Amino acid sequence: MIGITPNGAKNFISTLYCGSISDKQLFLKSKLMDRLEPNDVVMADKGFLIAEELESIGCKLQCPIFLKDKIQFDRAEMVSNSQLSNMRVTVERAISRVRQYKYFEGALPYKCLLHVDKVFFTACVLCNFHTPLIQVT
């Protein structure tokens, strides 16, 4: 689980988990909720089922709006989805900066597993020294 600020800097990096874990379980185990303040907004995909947990601490979950039974979005939904899409691009670009190091492609040697969290954390932090993805004024 990685937390990313509006300009693309990583401000939260959870420990890594092997095996199968749901997004909700990872969110709860990472203790990211402990760092959120009332009125914070968390952006996530549609299947990220943490709205109730966020509401309990006064935060909001922002997910893309889907058409469902509509033929098209109204103007407000269109603007909201467009802004959210722009933010999602920033998130994807921030994550791709970590992937560029290619430390985590393929199987890791067993002797490296003890240090993999530290290496991942370091790779994420080093990406914060890149040029900001978005200039926030």
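Because the structure is predicted, anything quoted here is derived from the model rather than measured.
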May I have the step-by-step check of salt bridge (charged side-chain N to carboxylate O under 4.0 Å, His left out) for Arg99 and Glu105, ending in yes or no? CA-CA 8 Å; Arg99 289 187 181 141; Glu105 288 183 0; over 6 Å; no
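- Atom CG of Asn39 is surrounded by 12 or fewer heavy atoms from other residues, nucleotides or ligands within 6.0 Å.
- Separating the CZ atom in Phe12 from the OG atom in Ser30 is a distance of 4.0 Å, to the nearest 0.5 Å.
- From Lys29, atom NZ reaches atom OG of Ser22 across 9.0 Å, with rounding to the nearest 0.5 Å.
- Atoms CZ and CG, from Arg88 and Asn86 in turn, are 11.5 Å apart once rounded to the nearest 0.5 Å.
- Between Glu52 and Lys24, the closest side-chain pair of non-hydrogen atoms is not below 4.5 Å.
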Can you list the steps and then say if Val116 with Leu16 is a side-chain contact (heavy atoms from CB on, under 4.5 Å)? CA-CA 8 Å; Val116 72; Leu16 299 176; 3.9 Å; yes
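- With Asp23 contributing its side chain and Phe48 its backbone, the two residues share no donor-acceptor pair below 3.5 Å.
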Walk me through whether Phe27 and Ser14 qualify under side-chain contact (heavy atoms from CB on, under 4.5 Å). CA-CA 9 Å; Phe27 177 75; Ser14 76; over 6 Å; no
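- Put simply, the side chain of Asn128 never gets that close to the backbone of Ala9: no donor and acceptor are under 3.5 Å apart.
- When the side chains of ILVMFWY residues are joined at heavy-atom separations under 4.5 Å, either directly or via intervening members, Val42 and Leu28 end up in a single hydrophobic cluster.
- Leu36 and Leu26 fall within the same hydrophobic cluster, where Ile, Leu, Val, Met, Phe, Trp and Tyr residues are linked whenever their side-chain heavy atoms come under 4.5 Å apart, directly or through other members.
- Residues Ile95 and Phe129 are members of one and the same hydrophobic cluster, defined by side-chain heavy-atom contacts under 4.5 angstrom among Ile, Leu, Val, Met, Phe, Trp and Tyr.
- Minimum interatomic distance between Val125 and Ile13 (heavy atoms only, all atoms of both residues): CG2-CD1, 4.1 Å.
- Within a 6.0 Å sphere centred on CD of Glu37, other residues, nucleotides and ligands contribute 12 heavy atoms or fewer.
- Residue Leu126 is grouped with residue Ile4 when hydrophobic side chains (ILVMFWY) are merged at heavy-atom distances under 4.5 angstrom, including chains of intermediate members.
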Between Met1 and Leu32, does the side-chain contact (heavy atoms from CB on, under 4.5 Å) criterion hold? Intermediate values first, please. CA-CA 9 Å; Met1 173 112 11; Leu32 176 56; 4.1 Å; yes
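- Rounded to the nearest 0.5 angstrom, Met43 CE and Met87 CE are separated by 6.0 Å.
- Both Met33 and Ile50 belong to a common hydrophobic cluster when Ile, Leu, Val, Met, Phe, Trp and Tyr are linked at side-chain heavy-atom distances under 4.5 angstrom.
- The nearest pair of heavy atoms linking Leu61 to Ala44 is CD1-CB, 3.8 Å.
- For the pair Val98 and Cys124, the tightest heavy-atom approach, listed with the atom from each and the gap, is CG2-SG, 3.8 Å.
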Steps toward side-chain contact (heavy atoms from CB on, under 4.5 Å) verdict (Leu54, Asp40): CA-CA 9 Å; Leu54 290 173; Asp40 279 351; over 6 Å; no
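- A salt bridge does not link Lys60 with Glu55: every distance from a Lys NZ or Arg NE/NH1/NH2 to an Asp or Glu carboxylate oxygen is 4.0 Å or more.
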